[in-house]
Amino acid sequence: MAERRYTPAEIEPKWQQLWESEHTWEVANDPEHPGGTAYVLEMLPYPSGEPHVGHLKNYALGDAIAHYSRRTGHRVLHPMGYDAFGLPAENNAIKTGVHPRVATDKSIAAYRHWFHRWGISIDWSRELGTHEPSYYRWTQWIFLKLYERGLAYRKEAAVKWCPFDQTVLANEQVIDGRCERCGHEVELRQLEQWFFRITDYADRLLRDLDTIDWPEHVKVMQRNWIGRSEGAEVTFRCDALDTDYTVFTTRPDTLFGATFFVMAPEHPDVFRLADGTGREDAVREYVNRALTESADTRGAADKPKTGVPLGRTVTNPVNGEQLPMFVADYVLMEYGTGAVMGVPAHDQRDYEFATAFHLPIRPVVAPADIDDPDISEQAFTAHTEDERLINSGEFSGMDAVAGRDAIVARLESQGRGHASVNYRLRDWLISRQRYWGCPIPIVYCGECGMVPVPEADLPVRLPEIEDYQPRGKSPLAAAEEWVNTPCPRCGGPARRETDTMDTFVDSSWYYLRYCDARNDTAPWDRAVLASWMPVDRYIGGVEHAILHLLYSRFFVKALADMELVDIQEPFQALFTQGMILGADGNKMSSSKGNVVAPSQIVERFGADAARCYVLFMGPLDQDAPWSDTGVEGVYRFLARLWRVGDELAQAGGPGPAEQPAKPEGAALELVRKANWAIDKVTGDIGGRYSFNTAIAAVMELVNEIYRHTDADVAARRFAVATAASVVFPFAPHLGSEVYGLLTGRRVWEEPWPSADPDMLVKPTFMLVCQVNGKVRDRVEAPTGAPREQLETLAMAARGVQAHLNGHQVVKVIVVPDKLVNIVVRV
RNA sequence: GCGGCGGUGGUGGAACGGUAGACACGGAGGCCUCAAAAGCCUCUGUCCUUCGGGACGUGUGGGUUCGAAUCCCACCCGCCGUACCA
């Protein structure tokens, strides 16, 4: 007989075609349906070229969870779509002149092909692309809802501008002063732009982190990004200009220690303040230099403090002191009010500034037992249990916490301040001066001003244009026929908004659309949405820890306030997968030549081996380097399982593969191992996502099957069918094939197996015998034996006897069914 | 600086406070074969050994415990995030 070999190239397409033709993974919307549901979702891909190994890991991971959820009795929603608008496709269009849709659709076709070829169990009836009018119509609809509620607004502001991509960016898209896409340094520009009022939700976005099951480090990143600080706003008066300046401080208890006052170079009043003081030129020169300096240079941590006096003073509201005013670049316009009070004794930055400008440094807070905190070298910023105020007028001697409250209360009674909370989070700038994005559904009319496009007129379709080159304004502006439109309100001549939306807007609600993807009268049906949302398992890369995940949470909260959804959080549980690194341990990149193409792996070893390997590499949330020989090892394991399944099927055809009633000898060993594997895999998938150890358990079972070729056929059939059944979530084609060969049934229609408790315990176990904590022998002992018996057995063990040699036994520790530790005095 | 995560064989990694190194890779040897590929089997932390076994071993130093990779304290190193945030 010719040798039979495991041939994934034949097996895998066979099952893929069956699943496709039978629509196996489609699930109907039925809000009345009883029983548990599970919404398992991986972050949607941005289609660019072909999928890479990171995608393979992402979807193999999610698919294993989806399969496991189905077989444990859940109705599972597991959809797929494409985040199709975006800059790379547009930049390609600029280079080639080919419409971005062409490259995007080509890439989508490639992704779709590979998802099929990988055998991912997707409900294709819900597939969507964010660039399709049937989708972005509702993106625009949501924009209008936000606009109605005042959550979308337009204002002129100093915004981050990328000179290379020729567009503005959200704060979140600026990394170290550079554009996150192209790496060019961003500039500040005064422009009128669209914003979403995410800051209205800062507190809820912060608070509700406590209600969701997310990795702690992601929560921490979001907390830091929101950056809530408690303190007070305090108003200082500048009599010369008859103007009030408010600062935010987290340390109102140190107000008596203020000895100067500093404004950011961007502060709109600095020139007005300097005017007539003879300091105009110095101020102008300093401000100009500060504004042209790069963010890198200006923000350098070890940069010495610089600044110039404004020639004015403000009045400290608590003691009437006149504080000299400065402009200095260590004060940031974008945080707080763009002005700070300088308290050099208790703030290190102020300390450095005061030292450089020979300003007085006056301590006002001290630990209880010290009259004069040491400020000779640096500011005193430590907080101690019992610190109190000093040099603070009638507040001197008070406990620092009580003193702070008293000072704030005094300010409030005088109308010079109040307790306040400040956030680092800024509103979300969503307009982009680019072509390949969702048009903003707004029209500007000479008569009526800003007019929203009526819902009935949606979608505002992206017009066809010839030239995608950005020229400081959106390429859409050149589409004159499209831009000129009658005003929806008065019918007079009007012009469309030509900016498009940030693509993060598109991806902030796609998971809602999946629930009701073919609804063409509404973005979703509320009852249908309620039956699926929130997403139970959300899986993706940690690079979205802030942007996408924060924006999506904001969307859901805003939609909840409009009573359009019935949830407060989109993603109940989040899993962030680690990266697959190149074999050299570096991040994969074409310049390093260490990129692994999943297509090659799948062609050579099959989708199952590729999927299993990326899940077997190590803990899923950690980075791990690629290994070609590692994939081969996993392939060998699958081939061994297939071969033994094929052999048994050849011999006995499809038939029963249940656990034999009373196995003995080798058969019993095998049946026990199979039950152990069921138990182990179930715990590793269900409890924690420890897929590497789950796959290792199936490997152990298969190794055991090869070791016990003498076991009877019934036991072997059971063991092999069990291995196929529990490996199915990771290797669905092979699992289906082997299970089908042996039983004639479809493994995905079988309930998840449960371990037979009687088979999980053996009648005897190896008792570990220790002397003073060191293992000295192992002896066989009956499971469940009483402590006394175990102690006697251990005492009698040869290795133990050799190490007791006459020493006095002090104590004996017995851990039932495990070990005995004999403590002796030496 | 601050915050988070991590440090275990030649490699990726296992290990409810209870046999450290499961599983896999790599390596060594053997079987099968005319030969090779594939496959199968055995061994594989380090050192010592009279071949029975013994000593050492989870970044470093302490501690708690009958027993610590695991818990506590101090430190070293690496990675990620963030940073003149008042």
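Throughout, a chain's letter reflects where its sequence line sits, starting with A, and its residues are numbered from 1. Just so we're clear, the structure is a prediction, and the values are computed from it rather than from any experiment.
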#### Entry: Rounded distance in Å between the C1' positions of B:rG57 and B:rA20
9 Å
### Query
Taking the side chain of A:Arg424 as heavy atoms from C-beta outward, which of B:rU82, B:rA86, B:rA22 is closest to it?
B:rU82
### Query
Between A:Val810, A:Val812, A:Val771, which is the residue that forms a side chain to side chain contact (heavy atoms under 4.5 Å, CB included) with A:Val824?
A:Val771
### Query
Separation of A:Glu700 atom CD from B:rG21 atom P, in whole Å?
13 Å
### Task
Carefully, step by step, assess A:Phe730 and A:Phe616 under the rule ring-ring contact (aromatic ring centres under 6.0 Å, His included).
CA-CA 10 Å; A:Phe730 314 114; A:Phe616 180 67; over 10 Å; no
### B:rC40 phosphate, OP1 or OP2, under 4.0 Å from A:Arg640 side-chain N/O
yes
## Note on the structure
Of A:Phe616 and A:Ala639, the one whose nearest nucleotide on RNA chain B sits closer to the 5' end is A:Phe616
### Query
Atom CG of A:Asp628 to atom C1' of B:rG12: distance rounded to whole Å?
14 Å
### Query
Nearest to the side chain of A:Pro619 - B:rA14, B:rC16, B:rC84?
B:rA14
### Query
Within the side chain of A:Arg426, is there an N or O that forms a donor-acceptor pair under 3.5 Å with the backbone of A:Tyr423?
yes
### Nearest-angstrom distance from the residue atom CH2 of A:Trp225 to P of B:rA83
6 Å
### Task
Can you tell me, in whole Å, how much space there is between the P of B:rA28 and that of B:rA36?
16 Å
### Message
Keeping A:Asp817 on the side-chain end and A:Gly784 on the backbone end, is there a donor-acceptor pair under 3.5 Å?
### Response
yes
### Task
For the residue pair A:His346 and A:Phe380, categorise the inter-ring angle as parallel (less than 30°), tilted (30 to 60°) or perpendicular (more than 60°).
perpendicular
### Task
Over 60° means perpendicular and under 30° means parallel, so classify the ring planes of A:Phe353 and A:Phe357, tilted if in between.
parallel
### Message
Using atom P in both nucleotides, what's the gap between B:rG3 and B:rC75 to the nearest angstrom?
### Response
13 Å
### Query
From B:rA22, B:rG54, B:rC84, pick the nucleotide closest to the side chain of A:His803?
B:rG54
### Task
Return the nearest nucleotide to the side chain of A:Pro625; candidates are B:rC84, B:rG12, B:rG18.
B:rG12
#### Entry: Whether A:Phe326 and A:Phe260 hold their rings parallel, tilted or perpendicular, with breakpoints at 30° and 60°
perpendicular
#### Entry: Pairing nucleotide - B:rC31, Watson-Crick or G-U, each distance under 3.5 Å
B:rG39
### Task
Could you work out the separation of B:rG1 and B:rC71 based on their P atoms and round it to a whole Å?
25 Å
### Task
Rounded to whole angstrom, note down the C1' distance from B:rG21 over to B:rU46.
13 Å
### Query
Counting any heavy atom closer than 4.0 Å, what does A:Val340 reach on the DNA or RNA strands: base, sugar-phosphate only, or nothing?
base
#### Entry: Complementary nucleotide for B:rC56 - Watson-Crick or wobble, under 3.5 Å
B:rG45
### Task
Check whether any side-chain N or O of A:Asn703 sits under 4.0 Å from OP1 or OP2 of B:rA22, and answer yes or no.
no
### Task
In plain terms, say whether A:Asp210 and A:Lys219 are close enough for a salt bridge, that is, a side-chain N and a carboxylate O under 4.0 Å apart.
no
### Query
Closest approach of A:Ala677 and A:Ala697, non-hydrogen atoms and distance?
CB-O, 4.3 Å
#### Entry: Anti/syn call for B:rG45, syn if |chi| within 90°
anti
### Query
Can you list, by residue number, the residues of residues 765-792 of chain A that have a non-hydrogen atom closer than 4.0 angstrom to RNA chain B?
A:Val768, A:Gln770, A:Lys774, A:Val775, A:Arg776, A:Arg778
### Query
With respect to the side chain of A:Thr693, which nucleotide from B:rA14, B:rC66, B:rA86 is positioned closest?
B:rA14
### Query
How many Å lie between CG on A:Asp623 and P on B:rG81, as a whole number?
11 Å
### Message
Side-chain N or O of A:Arg636 versus OP1/OP2 of B:rC25: is the shortest distance under 4.0 Å?
### Response
yes
### Query
Does B:rG9 sit syn or anti, given that only angles within 90° of 0 count as syn?
syn
### Candidates B:rC40, B:rA86, B:rG18 - which lies nearest the side chain of A:Ser229
B:rA86
### Query
If only side-chain N and O atoms of A:Asn224 are considered, is one of them under 4.0 Å from the OP1 or OP2 phosphate oxygen of B:rG81?
no
### Query
With respect to the phosphate group of B:rC41, does any side-chain polar atom (N or O) of A:Arg707 fall under 4.0 Å of OP1 or OP2?
no
### Task
Tell me whether the OP1 or OP2 atom of B:rC85 has a side-chain N or O from A:Arg349 closer than 4.0 Å.
yes
### Query
Any idea which of B:rC41, B:rC25, B:rC16 is nearest the A:Thr629 side chain?
B:rC25
### Message
The side chain of A:Asn821 is closest to which nucleotide in this list: B:rA24, B:rG18, B:rC40?
### Response
B:rG18
### Message
Roughly how many Å apart are B:rA14 and B:rG45, using the C1' atom of each and rounding to a whole number?
### Response
15 Å
### Task
Could you please name the partner base of B:rC85, counting Watson-Crick and G-U wobble pairs only when both distances are under 3.5 Å?
none
### Message
From CZ of A:Arg426 over to C1' of B:rC85, roughly how many Å is that when rounded to an integer?
### Response
10 Å
### N or O in side chain of A:Lys811 less than 4.0 angstrom from B:rC66 OP1/OP2
yes
### Query
Which whole number of Å gives the distance between the P atom of B:rC41 and that of B:rA24?
11 Å
### Message
How many whole angstroms separate atom CG of A:Asp621 from atom P of B:rC80?
### Response
16 Å
### Task
Provide the Watson-Crick or G-U wobble partner of B:rU11, both distances under 3.5 Å; none if there is no partner.
B:rA24
### Message
On RNA chain B, compare the nucleotides closest to A:Val634 and A:Met617; which residue's is nearer the 5' end?
### Response
A:Met617
### Message
Please find the pair of heavy atoms, one from A:Val738 and one from A:Gly645, that lie closest to each other, and give the distance.
### Response
CG1-CA, 4.2 Å
#### Entry: Separation of B:rA38 C1' from A:Arg5 CZ (nearest whole Å)
6 Å
### Summary
Paired with A:Leu790, the side chain to side chain contact (heavy atoms under 4.5 Å, CB included) test is passed by just one of A:Val815, A:Val814, A:Leu819, namely A:Val814
### Message
Nearest whole Å is fine: how far is B:rC5 P from A:Met579 CE?
### Response
18 Å
#### Entry: A:Lys303 side chain, from C-beta outward: closest of B:rG67, B:rC84, B:rG13
B:rC84
### Query
Between B:rA86, B:rC84, B:rG18, which one does the side chain of A:Val815 approach most closely?
B:rG18
### Message
Considering every strand and a 4.0 Å limit on heavy-atom distances, what is the contact class for A:Val812: base, sugar-phosphate, or nothing?
### Response
nothing
### Query
Which one is paired to B:rC66, where only Watson-Crick or G-U wobble pairs with both distances under 3.5 angstrom count?
B:rG18
### Message
Can you check the distance between B:rC80 and B:rC73, where both ends of the measurement are the C1' atom (answer in whole Å)?
### Response
26 Å
### Message
Any salt bridge linking A:Lys303 with A:Glu352? Criterion: basic side-chain nitrogen under 4.0 Å from a carboxylate oxygen.
### Response
no
### Query
Which base sits across from B:rC79 as a Watson-Crick or G-U pair, both distances under 3.5 Å?
B:rG4
